[in-house]
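Every number for a ligand or one of its atoms is a count from 1 in the order of the listing. FYI, side chains are in, hydrogens and waters are out, and symmetry mates aren't considered; it's all heavy atoms of this structure.
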Amino acid sequence: MSTSAPKRPNILFIMSDDHASHAISAYGSRINETPNIDRISEGGMRFDNCFCTNSICTPSRAAILTGQYNHINGVKTLGDSFDGRQTTFPKLLQQDGYQTAIVGKWHLGHGGNADPTGFDYWSILPDQGDYHNPVMIEMGVSQKFDGYVTDIITDKSLDWLKNRDKNRPFMLMCHHKAPHRHWEPDEKHMHLYEDIDIPEPETFYDDYATRSQAAVNAKMRIEDLHELDTKGAPPAGLTPEQEKKWKYQRYIKDYLRCIASVDDNVGRLLDYLDEEDEANDTIVIYTSDQGFFLGDHGWFDKRFMYEESLRMPFLIRYPRAIEAGTVSDTMILNVDFAPTFLDYAGHPIPETMQGHSIREVLGGAAPADWRTSMYYRYWMHLDGCHEVYSHYGIRTQQYKLIYYYAQALGTTDSRDESKPPEWEMFDLAKDPYELNNVYSLPEYEQTVKALTREMEQLMSDVGDEPLH
Ligand SMILES: [Ca+2]
């Protein structure tokens, strides 16, 4: 046995876009199978409480790169470009001799300071990119590629891996566009699920009784899916309920078909690590930039602090340090990823990063002072598309408190005094589907007060401010 210091691990960071954990069989999906993604959890650890700090694409990606909340890294909304001059974990790994690359979805702007920094190689989709025959911007040069985007991203990832310097560790971000709207499957999976009905979720007929106007008025109901989403108009003569059911089947089947391709391609990367005998020395992660509503609460999309949108899948394998087949309910956040990577690479974690390394959690036990609650904030008030209200909130192990503060239009940090703010609170132990808002019930009065204080403390800890 070698007595030399252990090698610094490779990092293979696979992330998809809008893939909810309840569409992964390792998480007990009722609607699909993901055998290759499951290989990561079978060989490592599954996290059941990994949450994003703002459930929307671009901001979550900025939080992941910087280890900071969005009011610090400057990317609060989809419209904000990322300033690549900031400290990011790829930059620090590159300085330490890691070979670094990103292939696929970037979605943090491009050109000028928004181009990826800290990567030896980058090949990204412009903005959302296309599913079929996508253009990719490779080290600043745009080129169109024939084929299906999930295959192409994997091909390019494998090409880069095969041509790397095998004497130095690598950090590769393989970031898929799929299964983002408009859910366009490839030929191979086009007919999957054709002859079956996908089960509807428990909360498919949520009537939003007891809840905020924010929930009532959100435009992300299954009924709001349009023809581009459902790849055609519903048949004539359906009742409203029949039409909702029809739209759900069209939506969810294409969503799951896109995931089937992601799963196949995850398998290709894992096979490569096995063939190269690199699996033991490589940290492999599968996650998504946030969760997604799969008909839950009658919705598609994300943004809300409700569980299906807040929760990120997070599966991690590293045979040298993580026991195979383990599950953790420790609360981890997207801002923890960057410090974790740096920790494993032996790089000091900058004071400016707000997340915490999960290395001890992966070793089997969370530190005694590990967080038991988390702070969340969504800024895209009435975006003209999904019309979700801005909100912030706290989630503890048992409760969730959400404050829809009636943001003034055209601002990101002030209230419209003419509009009433709204509160929601859920007792997750009694109401895991978040159907019953208990904020105004007398028996929860003391809990509401305590949660409000704790939320304001968390806000203050991360450098954000309450809006009264
Ligand atoms: Ca996303």
Side-chain angles (χ1 to χ4, degrees), residues 13-24 27 34 37 50-66 69-70 73 75-82 102-110 114 116 124-131 134 149-150 153 173-184 218-220 225 228-229 251-252 254-259 261-263 265-266 285-297 299-315 333-335 337 376-380 383 385-386 388:
F13 177 20
I14 309 169
M15 186 159 81
S16 54
D17 194 336
D18 294 359
H19 188 178
S21 55
H22 50 312
I24 294 178
Y27 280 96
T34 50
I37 294 170
C50 178
F51 301 127
C52 57
T53 50
N54 179 4
S55 181
I56 189 81
C57 310
T58 306
S60 182
R61 288 158 197 274
I64 287 168
L65 282 172
T66 59
Y69 290 77
N70 295 130
N73 65 40
V75 184
K76 294 174 177 173
T77 74
L78 286 177
D80 296 322
S81 273
F82 183 68
I102 179 166
V103 182
K105 184 88 174 261
W106 170 248
H107 203 196
L108 287 162
H110 52 83
I124 58 169
L125 297 164
D127 304 316
Q128 291 290 351
D130 293 319
Y131 273 103
V149 70
T150 308
I153 289 169
M173 296 164 72
C174 174
H175 285 192
H176 290 295
K177 166 188 173 57
H180 194 278
R181 195 182 192 187
H182 300 277
W183 316 295
E184 295 173 24
K219 287 196 169 43
M220 52 170 76
L225 289 166
L228 204 57
D229 300 317
Y251 150 58
I252 200 70
D254 276 349
Y255 178 85
L256 296 177
R257 288 164 180 149
C258 290
I259 289 169
S261 172
V262 170
D263 189 70
N265 279 291
V266 167
I285 283 151
Y286 185 84
T287 186
S288 173
D289 56 350
Q290 10 65 210
F292 214 66
F293 297 106
L294 308 179
D296 314 280
H297 298 291
W299 289 332
F300 64 97
D301 215 72
K302 54 253 182 181
R303 299 160 195 266
F304 275 103
M305 198 189 166
Y306 297 132
E307 293 290 273
E308 297 85 353
S309 155
L310 178 69
R311 177 171 291 111
M312 307 165 81
F314 192 84
L315 308 170
L333 307 176
N334 56 357
V335 290
F337 300 179
Y376 178 92
R377 186 163 175 186
Y378 173 79
W379 276 270
M380 289 183 68
D383 67 341
C385 181
H386 293 302
V388 174

Original post:
Can you give me the OD1-the Ca ion (ligand 1)-OD1 angle for Asp18 and Asp17, to 10°?
Top reply: 80°
**OP:** Measure from the side-chain N and O atoms of Lys105 to the backbone N and O of Ser16, and report whether any donor-acceptor pair falls under 3.5 Å.
**Re:** no
Subject >> Mutual orientation of the aromatic rings belonging to Tyr255 and Tyr251 [parallel < 30°, tilted 30-60°, perpendicular > 60°] >> reply: tilted
Original post:
How about Asp296 and His22: does a side-chain donor come under 3.5 Å of a side-chain acceptor?
Top reply: yes
Original post:
Checking only N/O/S atoms, does His107 have one that is under 3.0 Å from the Ca ion (ligand 1)?
Top reply: no
**OP:** Confirm or rule out an N/O/S atom of Gln290, from backbone or side chain, lying less than 3.0 Å from the Ca ion (ligand 1).
**Re:** yes
Subject >> Name of the Asp289 atom (N/O/S only) found closest to the Ca ion (ligand 1) >> reply: OD2
Original post:
Taking the six-membered ring for Trp, are Phe304 and Trp299 parallel (under 30°), tilted (30 to 60°) or perpendicular (over 60°)?
Top reply: parallel
